[in-house]
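Input: a single structure, listed below in structure tokens.
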Protein chains: 2
Amino acid sequence: MPVSSQPALLLKLVALHSKIQRQLAGQLSFHGISFTEYLVLRQLHEAPGNKLRRVDLAQRVGLTASGVTRLLNPMQKTGLIDKEDAARDARVSLVTLTSAGATIFKDADVSFTEVAQSFFEPLAAEDQRDLLRMTSALI
Amino acid sequence: MPVSSQPALLLKLVALHSKIQRQLAGQLSFHGISFTEYLVLRQLHEAPGNKLRRVDLAQRVGLTASGVTRLLNPMQKTGLIDKEDAARDARVSLVTLTSAGATIFKDADVSFTEVAQSFFEPLAAEDQRDLLRMTSALI
DNA sequence: GATTGATGCTTGACCAGTCAATCATTTCAT
DNA sequence: ATGAAATGATTGACTGGTCAAGCATCAATC
């Protein structure tokens, strides 16, 4: 492969990401949440006991600790999540998924899956497998 | 391919983008510019006469018109770009690349290329070709 | 050639996030 | 047991954008 095409490839991936963000934001807005909020709900949904420390949540969704603080405040006000103190450590504040939050997540996840499916439709199944393998190798 | 893996693939691409952004921002900061600023310099560098209308620049770098206005103000103050009135249309304000801007771009572009090359190093040449083909098909 | 609508750009208000500082609490070495 | 360092969370100041409104100019129709 000519050396010069790696920059082009990098730019393509960035452009691809813009397209993904636009589509996801558009569909998730019907559920009243942003993509980042979807990620939070998803992580809580997957977590044992539907509960996580804020630091761990930050790491999983790719935000800083303060970013999580700022993101969660409105989510708590709208009842998607709740705070809970940790038994063993008074510093940590656990984040829990409310049942309302779980409902919203399940609805939003349908949209997310639809976007994902239609997004990759131009690729053959084998290409999709290759793409998954390559992205895993690159992360 | 099992239907369920498209969501996973989408999440991988998002994670990949985070990694790209981190690496690019880190290297470009040595040249005193952000990735978005790099994109602006790149577009001007590629444009005929090193000059573009703000609307066209906005579209090429994926920003809104106001985003471009806000981005370019500091870039003009630091002398990377310059304004110029269009001869035929008093509404448009052309953006031009200064020679200082061209110098910074060339330096930054070396870093950009290095990041791109090291980023895709885990992939064989054939994989890189496939990846380029797939991303082009998806955009 | 005046009106109406489209286009290019900027501005004010806002949103989502970072970073650095701070505070509270916990852990660890002695 | 105590003092020092580490950890978890929040806050203030800031960055980098968006969106909607507004202003100037241009184009088209009548």
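Numbered from 1 within each chain, the chains take letters A, B, ... in sequence-line order.
Nearest-nucleotide assignment on DNA chain C puts the 5′-proximal partner with B:V68, out of B:V68 and A:R88.
Which of D:dG8, C:dT7, C:dT10 sits closest to the side chain of B:T69 comes down to C:dT10. Nearest to the side-chain atoms of B:R91 among the listed nucleotides D:dG17, D:dC26, C:dC9 stands D:dC26. In this structure, the nucleotide among D:dA9, D:dT18, C:dT25 sitting nearest to the side chain of A:A90 is C:dT25. Closest approach to the A:R53 side chain among D:dC26, D:dA9, C:dC9 is made by D:dA9 (side chain taken as heavy atoms from C-beta onward). Out of C:dT7, C:dT10, D:dT10, the shortest distance to the side chain of A:S66 is found at D:dT10.
Residue contacts shown for A:A65 include a base, since a base heavy atom lies under 4.0 Å away. A:R70 comes within 4.0 angstrom of a base, heavy atoms only.
Contact of the B:N50 side chain with the B:F105 side chain is not registered, since no non-hydrogen atoms from C-beta on lie closer than 4.5 Å. Counting heavy atoms from C-beta outward, A:V115 and A:F120 have side chains that stay 4.5 Å or more apart. Considering only heavy atoms from C-beta on, B:T96 stays 4.5 Å or farther from B:I81 through its side chain. Contact check for B:F112 versus B:Q27: no side-chain heavy atoms found under the 4.5 Å cut-off.
The interatomic distance linking B:L71 (CG) with C:dT10 (P) rounds to 12 Å, in whole Å. Protein atom CG of B:N73 is 11 Å distant from nucleotide atom C1' of C:dC9, rounded to whole Å. One atom, CG of B:L63, and another, P of D:dT15, lie 17 Å apart when rounded to the nearest Å. In this structure, CG of A:L72 is placed 12 Å from C1' of D:dT10, rounded to the nearest angstrom. One can place CG of A:D89 at 19 Å from P of C:dC23, the figure rounded to the nearest angstrom. If you take CG of B:D85 and C1' of C:dG8, they are 12 Å apart, rounded to a whole angstrom. One can place CD1 of B:I33 at 12 Å from P of D:dG16, the figure rounded to the nearest angstrom. Rounded to an integer number of Å, the gap from B:H17 NE2 to C:dG17 P is 14 Å.
Contact annotation: B:K83 side-chain N/O to C:dT10 OP1/OP2 distance is under 4.0 Å. When the side-chain nitrogen and oxygen atoms of A:T36 are compared with OP1 and OP2 of C:dG17, one or more of them lie within a distance under 4.0 Å.
Nearest heavy atoms, B:L132 versus A:S5: CD2-CB, 4.5 Å.
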